[in-house]
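Lettering of chains follows the sequences in order, A, B, ..., and the numbering in each one begins at 1.
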There are 2 protein chains.
Amino acid sequence: MLSHLCLPIGMPATDLGKLDDLVKDRVRVEKGRPLFTLGSELDAVYAVRFGSLRTQLEQSEGDLQITGFHLPGEIVGMDSIGQHRHVSSAIAMEDSEVCVIRIDDIDRVGRLLPSLQSQIRRLMSQEISRSQQMLLTLGSMRSEQRVAGFLLNLSQRLSTLGYSSTEFILRMSREEIGNYLGLTLETVSRLLSRFAREGIIHIHLREVRILDMAALQQVFGQEC
Amino acid sequence: MLSHLCLPIGMPATDLGKLDDLVKDRVRVEKGRPLFTLGSELDAVYAVRFGSLRTQLEQSEGDLQITGFHLPGEIVGMDSIGQHRHVSSAIAMEDSEVCVIRIDDIDRVGRLLPSLQSQIRRLMSQEISRSQQMLLTLGSMRSEQRVAGFLLNLSQRLSTLGYSSTEFILRMSREEIGNYLGLTLETVSRLLSRFAREGIIHIHLREVRILDMAALQQVFGQEC
DNA sequence: CGCAGGCTTGATGTAAGTCAAGCTGTGTGG
DNA sequence: CCACACAGCTTGACTTACATCAAGCCTGCG
């Protein structure tokens, strides 16, 4: 595993060494505590080393939208670069550790290592693409497609990290899933129960086992 | 206006001169024609010089999500940097012209002008933030809030470009607006009619006049 | 053991979608 | 120059997917 290097997945090995320069500090965040909050000052982005976080936008008066769940190897905070203050909050869903990547250091190291700049661009571009994929989900998919897509996406990312793609623990509550997917917690619960009744998955609280990946993909991809 | 320079709004004037290096080509795109399409090869992003474009994701079989409407001074194509191929399509909504900004040139000029790199990061970060704001819209706002927010957003951007913030022409159809906002064209039409009936706006086909900006903001911001 | 928070399940309500008809403005060919 | 056609828009009647409200049930923890 590369995770000891605190690096985003997919960075070419040739550049790995120099990147250690970027990571000076690590920070631990306890379950439920924020890594940063809306409006706080910003000078860094963070690579998740272990654990998991959620990021969320906060609108006036309790209106809240979860914009992502972040697993090890993923970068948090790229929506606020170039602002003076964070435009979102990040909260640990379990005890976690992140590597601090200071913006100033990106510039400094980037001068010596031009390919770093393009790597950063690539990661930011992926984040744009990821959000836009979510727009498609929220804008034009039905509830069952959203939940199926959510499970498939988690499965795929966990498998990239070396975990099982068919058996895992949800780190987030039904309410958090619902908020992320633009649904209520009841709808999420009902759909998970239905998938289980149909033999597509097995679910007990936060333990998930995918029994029929193809069926799940079919639910996700189905027209109408 | 800065638009002759083909530059994104908000770039500090000190760097403007060097940036001309970045822009070698301009391309015209006729109304309805694509600037690029899903899967086509990529080596550049584009700054809109005049006209307007929409960007869209295309899922299997006619399932399509419009992810943005782009006015002069805005950058199109940042979701695909670092991929070899475009992950979305961009289509002109009227006869338009864009400036071509080659990725290679960003690297080349960026080496001489380090602040360019951070400017690019800032623009990409804004794009992430913009998409995530849309997630909040699609995930947790009601139809009337979405439409009100859409009008306010357009108004604000047009005013930044030096146009009237209260009187403008929609470049997109009801269907395109609906797709973008996760609504049907009928719902969009009904809400525009309702806002007109309530004296908040005047609308006739694609001509919009905002009569009561405060009321529109109230609809947008209202709790529940 | 008992409580609290998270989850499930059912009954009912409603916002927005679907289907359908008619209208309006624009462009085209006789 | 008129009329006809067509695409885009509006409006109404009806349907439906998901939300809301409300019980009751686990299960992990103090």
Side-chain angles (χ1 to χ4, degrees), chain A residues 31-32 54 62-66 91 93-95 137-151 169-198 201-209 219 222-224, chain B residues 31-32 54 62-66 91 93-94 137-151 169-198 201-209 219-220 222-224:
Chain A
K31 177 173 178 166
R54 67 167 197 266
D63 201 11
L64 179 147
Q65 175 71 37
I66 294 175
I91 289 134
M93 297 194 298
E94 58 189 313
D95 290 353
T137 298
L138 296 188
S140 59
M141 287 192 173
R142 280 164 323 99
S143 55
E144 57 194 295
Q145 292 178 284
R146 300 188 201 187
V147 175
F150 172 74
L151 291 174
I169 308 284
L170 298 175
R171 250 58 244 213
M172 61 295 280
S173 69
R174 300 288 188 270
E175 182 163 23
E176 289 170 321
I177 299 172
N179 181 299
Y180 178 61
L181 297 176
L183 302 170
T184 57
L185 69 102
E186 292 96 328
T187 300
V188 173
S189 176
R190 272 185 247 275
L191 286 167
L192 291 174
S193 301
R194 201 185 97 194
F195 291 164
R197 212 178 315 124
E198 294 170 349
I201 64 172
H202 180 268
I203 184 145
H204 177 64
L205 299 179
R206 301 198 175 182
E207 296 166 29
V208 179
R209 191 166 44 210
V219 171
Q222 77 200 195
E223 193 60 24
C224 177
Chain B
K31 177 173 177 167
R54 66 167 198 266
D63 201 12
L64 178 149
Q65 176 70 36
I66 294 175
I91 289 135
M93 297 194 298
E94 57 189 315
T137 298
L138 295 188
S140 59
M141 287 193 175
R142 278 163 328 95
S143 56
E144 56 194 298
Q145 294 178 283
R146 300 187 201 187
V147 175
F150 172 73
L151 291 175
I169 308 283
L170 298 174
R171 249 60 243 213
M172 61 296 279
S173 69
R174 301 288 188 269
E175 183 163 22
E176 289 171 322
I177 298 172
N179 182 298
Y180 178 61
L181 296 176
L183 302 170
T184 57
L185 68 102
E186 291 95 329
T187 300
V188 173
S189 176
R190 273 185 247 274
L191 286 167
L192 291 174
S193 300
R194 200 183 99 194
F195 291 165
R197 211 179 315 123
E198 294 170 348
I201 63 172
H202 180 267
I203 183 143
H204 177 64
L205 298 179
R206 299 197 177 182
E207 296 165 30
V208 180
R209 191 166 48 219
V219 171
F220 177 59
Q222 77 201 197
E223 194 59 27
C224 176

Opening and closing nucleotides of DNA chain C in contact with chain B, under 4.0 Å to non-hydrogen atoms:
dA16(C) to dG25(C)
Could you grab the distance from atom [atom1] of [X] to atom [atom2] of [Y], nearest 0.5 Å is fine?
{"X": "I177(B)", "Y": "T187(B)", "atom1": "CD1", "atom2": "OG1", "answer": "12.5 Å"}
{"X": "R209(A)", "Y": "I203(A)", "atom1": "CZ", "atom2": "CD1", "answer": "11.0 Å"}
{"X": "L183(A)", "Y": "L138(A)", "atom1": "CG", "atom2": "CG", "answer": "8.5 Å"}
{"X": "R174(B)", "Y": "M172(B)", "atom1": "CZ", "atom2": "CE", "answer": "10.5 Å"}
{"X": "H202(A)", "Y": "H204(A)", "atom1": "NE2", "atom2": "NE2", "answer": "8.0 Å"}
{"X": "T137(B)", "Y": "R146(B)", "atom1": "OG1", "atom2": "CZ", "answer": "8.0 Å"}

For L185(A) and S173(A), what are the C-alpha separation, side-chain angles and deciding distance, and is it a side chain to side chain contact (heavy atoms under 4.5 Å, CB included)?
CA-CA 8 Å; L185(A) 69 102; S173(A) 69; over 6 Å; no
Carboxylate-amine/guanidinium contact E198(B) R194(B), below 4.0 Å
yes
Would you say CD of E175(B) has more than 12 non-hydrogen atoms from neighbouring residues, nucleotides or ligands within 6.0 angstrom?
no
Could you check if a side-chain atom of R142(B) sits within less than 4.5 angstrom of a side-chain atom of Q222(B), using non-hydrogen atoms only?
yes
Send over the distance from R194(B) CZ to dT11(D) P, rounded to a whole Å.
13 Å
How close or far is atom P of dT11(D) from atom CD1 of I203(B), stated in whole angstroms?
11 Å
With sugar-phosphate meaning primed atoms plus P, OP1 and OP2, does R197(A) contact a base, only sugar-phosphate, or nothing at under 4.0 Å between heavy atoms?
nothing
Summary of protein contacts for nucleotides 16-30 of chain D, nucleotide by nucleotide, where a base hit scores B, a sugar-phosphate-only hit scores S (4.0 Å, heavy atoms):
--SSBB-----S---
The helix from dC1(C)-dG30(D) to dG30(C)-dC1(D): angle between end helix axes, five pairs per end, rounded to 10 degrees:
30°
